[in-house]
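Working notes, beginning with the structure itself.
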Protein chains: 2
Amino acid sequence: MASMNEVAKRAGVSIATVSRVLNNSDSVNEETRMKILKAIKELKYQPSRVAKRLRSKSGAGNLLGVLIPDIQNPFYVDVLRGIEDIAYQNNYVIIMCNFNQDEKKEAVYLDILESEAIDGLIAAPAHEDDPRIKKFLRSGLPVVCVDRGLKGVDVDVVWVNNEEGAYQAVSYMIEKGYKRIAHIGGLPTIPSSRLRLDGYRKALKDHGLEIDENLIVQGDSTYTSGIEFTGKLLNMANRPDALFTGNNLITLGALEAVNERKLDIPGDIAVLGFDDMNWSNALNPPLTAVRQPAYEIGKRAGELLIQRIKDPKRPCIQMTLNSELKVRSSC
Amino acid sequence: MASMNEVAKRAGVSIATVSRVLNNSDSVNEETRMKILKAIKELKYQPSRVAKRLRSKSGAGNLLGVLIPDIQNPFYVDVLRGIEDIAYQNNYVIIMCNFNQDEKKEAVYLDILESEAIDGLIAAPAHEDDPRIKKFLRSGLPVVCVDRGLKGVDVDVVWVNNEEGAYQAVSYMIEKGYKRIAHIGGLPTIPSSRLRLDGYRKALKDHGLEIDENLIVQGDSTYTSGIEFTGKLLNMANRPDALFTGNNLITLGALEAVNERKLDIPGDIAVLGFDDMNWSNALNPPLTAVRQPAYEIGKRAGELLIQRIKDPKRPCIQMTLNSELKVRSSC
DNA sequence: ACGGCAAATGTAAACGATTTCATTCAGATA
DNA sequence: TATCTGAATGAAATCGTTTACATTTGCCGT
């Protein structure tokens with residue numbers, strides 16, 4: 001790859017001048033500009049983003065970090081797509097860090113990102129006290145949180161109103177006439193899990209239904225936990241007539257467990273999932289779900305991050321997007 | 001962030017010596033080594049990967065590029081996970097480039113990756129003549145292809161035997177007694193689409209079934225194309241009794257179209273998909289599918305890439321993993 | 001005719017590492 | 001004692017940029 005030096009030599013100018021036309025930062029004679037552009041074209045010169053990043057340590061590196069807990073969860077994939085679209089439009093590129101809900105791995109990735117001199121970070125913290133992300137934040141690096149907030153610090157966040165979404169969903173279930181609505185929640189350490197559970201509880205209470213603690217279980221947000229807990233619920237003597245699942249993967253696990261027992265949805269048990277998927281209509285019956293605008297969450301987060309890189313002083317924004325109950329046939 | 005210079009100063013040595021203990025490349029007195037390690041700890045020093053990358057241009061940068069056509073396709077997500085695991089184990093980090101089957105975007109990303117001085121690239125080329133990836137290859141950068149090969153050049157590839165997988169699947173369908181087996185294929189420019197179609201044709205032929213060209217359609221590998229073409233097939237006067245879909249997304253689209261018409265699987269139409277998903281059992285009925293070991297493809301590709309970075313001269317390997325027919329209930 | 005100003009360009013110091021080529025010094029060898 | 005050897009270290013160049021700080025030149029006003 002040609003370097004700036006070679007361009008300068010070929011154009012018969014100094015590298016400073018080349019840099020100037022590249023960043024059109026300063027006035028340069030039209031004629032020399034042409035000469036330089038010509039040399040650039042002829043040599044197929046491409047600036048080294050690495051050198052640039054090393055030299056100017058302030059948001060000029062065009063590199064973003066994305067730290068997410070589980071890339072196999074379709075929700076985060078969609079978020080990632082949103083981020084990527086914005087990044088691409090702005091000539092940024094993304095280092096993908098999938099920490100798999102493993103705090104050690106999260107820490108390692110954050111260290112690496114720092115050492116990579118990223119310009120900004122989009123993260124879904126492991127939990128809301130996450131000291132590592134907080135440290136990052138304190139170091140002055142632009143950070144935007146998605147899906148999960150951070151307690152006690154001022155930071156941009158993009159998420160949905162989890163409690164409200166769950167509340168609406170469960171209210172809908174109650175109105176449909178379901179009486180024994182079970183809930184399989186995700187990891188209690190994840191804020192959204194708790195909020196969704198809160199929404200569930202509040203809906204039951206507001207509608208005068210008794211809360212049966214036996215119908216509430218919390219697992220680790222995985223597919224397997226969905227299978228397992230649904231199995232247990234279905235084996236109960238007095239089994240629930242409806243199931244509200246706490247996320248994508250749990251929902252899918254639940255469906256597997258129900259299928260396995262050849263039970264009918266919604267006849268034997270209705271299912272409503274938090275998190276929609278692009279292919280919810282491919283399920284049989286099509287899944288009724290609380291749709292988070294995942295792609296848009298990513299997009300907004302990307303926009304906020306780039307804004308903050310340009311203007312580190314702007315006040316923090318907590319952006320709450322609306323979830324939407326997609327009524328299909330499973331409930 | 002502390003720099004090597006500060007460490008050197010605090011330890012009372014030169015940066016050269018610090019570098020030496022960091023890479024334990026040369027002999028250094030045990031006592032000074034201790035002093036330096038102490039200084040490193042005290043300053044929480046972390047080497048800058050950027051500076052390192054700039055200086056030593058040969059695989060020491062610990063940065064990989066991953067170029068995939070569609071990150072919303074669960075297959076590639078699993079591949080990515082495999083790559084990530086290996087990368088993480090080896091202290092590499094990944095720049096994720098999702099080119100969305102858009103060749104312009106692919107080109108832009110490749111330029112950026114070059115400018116980022118990555119140590120190696122894992123790519124699923126847009127098509128088998130892809131000139132951009134070939135150029136990359138010629139430039140001497142370690143490249144491993146996944147899922148899709150590259151014609152006329154020597155390159156590491158990890159994939160499955162698509163033709164054989166399709167052949168087995170369709171043979172199975174025929175043995176099950178299906179007579180009018182339709183096929184919705186992916187983009188014909190993608191090699192795997194063609195190979196799967198070949199396998200389909202060969203199976204019909206070998207079993208003495210007549211090939212009805214009306215039952216063969218090729219779309220653009222998307223979910224939408226799955227819905228659309230399945231719709232058309234189902235509307236035929238003499239509709240097929242079974243459907244072999246060419247990839248993940250097409251399968252899901254097909255299921256949506258079938259569901260929409262309240263047809264029974266496999267009673268009205270059997271479905272067998274190329275590409276399995278982690279949650280195929282959550283589908284109703286559970287999907288019979290050709291399983292590609294996606295995670296392992298990613299893992300192997302990662303391993304091959306790192307090997308090649310260490311030894312650029314080693315002969316190229318074409319690694320063909322076995323696909324597996326997962327018989328469930330949809331066919 | 002001269003100081004001053006602005007446009008156009010160049011010089012050289014960073015950024016934070018790696019690496020080549022000295023240099024120092026002790027102990028071994030002849 | 002003079003020389004050699006090798007271990008331990010340092011000085012300085014280098015990677016490819018940006019940028020602060022000159023320098024040159026022509027033009028203007030007085």
Side-chain angles (χ1 to χ4, degrees), chain A residues 1-37 39-40 43-63 91 111-119, chain B residues 1-37 39-40 43-63 91 111-119:
Chain A
M1 266 218 329
S3 79
M4 216 158 109
N5 234 313
E6 305 175 45
V7 172
K9 221 167 269 172
R10 170 173 275 248
V13 298
S14 78
I15 55 167
T17 307
V18 177
S19 172
R20 275 188 270 259
V21 343
L22 247 48
N23 309 308
N24 43 1
S25 58
D26 224 336
S27 58
V28 18
N29 185 293
E30 195 52 29
E31 200 179 334
T32 51
R33 145 171 282 120
M34 286 310 172
K35 268 196 311 195
I36 291 173
L37 289 178
I40 287 178
L43 292 172
K44 292 186 190 176
Y45 166 74
Q46 258 207 307
S48 155
R49 295 165 71 110
V50 182
K52 184 176 201 163
R53 186 169 306 134
L54 178 61
R55 179 55 224 258
S56 48
K57 1 201 15 60
S58 52
N62 291 336
L63 182 62
N91 193 28
D111 279 349
I112 294 182
L113 288 178
E114 192 181 352
S115 153
E116 287 285 1
I118 57 170
D119 300 317
Chain B
M1 264 216 336
S3 79
M4 215 160 110
N5 234 311
E6 307 175 45
V7 172
K9 221 167 273 173
R10 170 174 276 247
V13 298
S14 77
I15 56 167
T17 307
V18 177
S19 172
R20 275 188 269 257
V21 341
L22 246 47
N23 308 308
N24 43 1
S25 57
D26 224 337
S27 58
V28 18
N29 184 293
E30 196 51 30
E31 198 178 334
T32 51
R33 144 172 283 120
M34 284 311 172
K35 268 197 309 197
I36 291 173
L37 288 178
I40 287 179
L43 292 172
K44 291 184 194 181
Y45 166 74
Q46 257 207 307
S48 155
R49 294 164 75 109
V50 182
K52 183 175 201 164
R53 186 169 306 135
L54 178 62
R55 179 54 224 260
S56 48
K57 1 202 14 61
S58 52
N62 290 336
L63 182 62
N91 193 26
D111 280 349
I112 293 181
L113 288 178
E114 194 182 350
S115 154
E116 287 285 2
I118 57 170
D119 300 317

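Convention: sequence-line order gives letters A, B, ...; per-chain numbering from 1. All heavy atoms count here, side chains included; hydrogens, waters and symmetry mates do not.
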Identify, with sequence neighbours excluded, every residue that meets salt bridge (Lys or Arg N to Asp or Glu O under 4.0 Å) alongside B/Glu116. A/Arg49, A/Arg53

Can you list everything that forms a salt bridge (Lys or Arg N to Asp or Glu O under 4.0 Å) with A/Glu31? Sequence neighbours excluded, please. none

Sub-3.5 Å donor-acceptor pair from the side chain of A/Ser115 to the main-chain atoms of B/Gln46, do we have one? no

Atom pair OG1 (B/Thr32) and CG (B/Leu37), whose distance is rounded to the nearest 0.5 Å: 9.5 Å

Report the distance from atom [atom1] of [X] to atom [atom2] of [N], rounded to the nearest whole Å.
X       : N      : atom1 : atom2 : value
B/Leu43 : C/dA17 : CG    : P     : 12 Å
B/Met1  : C/dC15 : CE    : P     : 13 Å
B/Leu54 : D/dT14 : CG    : P     : 14 Å
B/Leu22 : C/dA17 : CG    : P     : 8 Å
B/Lys9  : D/dT9  : NZ    : P     : 19 Å
B/Lys52 : C/dC15 : NZ    : P     : 20 Å
A/Leu63 : D/dT17 : CG    : P     : 17 Å
B/Lys35 : D/dA8  : NZ    : C1'   : 12 Å

Which pairs would a plain distance check flag for residues 1-11 of chain B, meaning a side-chain donor or acceptor within less than 3.5 Å of a matching protein atom at least two apart in sequence or in another chain?
{"unit_1": "B/Ser3", "atom_1": "OG", "unit_2": "B/Asn5", "atom_2": "N", "d": "3.2"}
{"unit_1": "B/Glu6", "atom_1": "OE2", "unit_2": "B/Ser3", "atom_2": "N", "d": "3.2"}
{"unit_1": "B/Arg10", "atom_1": "NH1", "unit_2": "B/Glu42", "atom_2": "OE1", "d": "2.3"}

Reckon A/Glu31 touches a base, only the sugar-phosphate, or nothing at all at heavy-atom distances under 4.0 Å? nothing

Would you indicate what B/Asn5 reaches in the nucleic acid, counting non-hydrogen atoms under 4.0 angstrom: base, sugar-phosphate, or nothing? nothing

For nucleotides 5-11 of chain C, which of its nitrogen or oxygen atoms have a protein nitrogen or oxygen under 3.5 Å away, and what is each distance?
{"unit_1": "C/dA8", "atom_1": "OP2", "unit_2": "A/Ser27", "atom_2": "OG", "d": "3.4"}
{"unit_1": "C/dT9", "atom_1": "OP1", "unit_2": "A/Thr32", "atom_2": "OG1", "d": "3.4"}
{"unit_1": "C/dT9", "atom_1": "OP2", "unit_2": "A/Asn29", "atom_2": "N", "d": "2.8"}
{"unit_1": "C/dT9", "atom_1": "OP2", "unit_2": "A/Thr32", "atom_2": "OG1", "d": "2.9"}
{"unit_1": "C/dG10", "atom_1": "OP2", "unit_2": "A/Ser14", "atom_2": "N", "d": "2.7"}
{"unit_1": "C/dG10", "atom_1": "OP2", "unit_2": "A/Ser14", "atom_2": "OG", "d": "3.1"}
{"unit_1": "C/dG10", "atom_1": "OP2", "unit_2": "A/Thr17", "atom_2": "OG1", "d": "2.8"}
{"unit_1": "C/dG10", "atom_1": "N7", "unit_2": "A/Arg20", "atom_2": "NH2", "d": "2.7"}
{"unit_1": "C/dG10", "atom_1": "O6", "unit_2": "A/Arg20", "atom_2": "NH1", "d": "3.4"}

Close side-chain approach of [X] to [Y], heavy-atom, < 4.5 Å:
X       : Y        : result
A/Ile40 : A/Leu22  : yes
A/Asn91 : B/Ile112 : yes
A/Ile36 : A/Arg20  : no

Polar pairs (N or O, both sides) under 3.5 Å between protein and nucleotides 23-25 of chain C?
none

Side chain to side chain donor-acceptor pair (under 3.5 Å) partners for A/Ser19, two or more places apart: A/Asn23

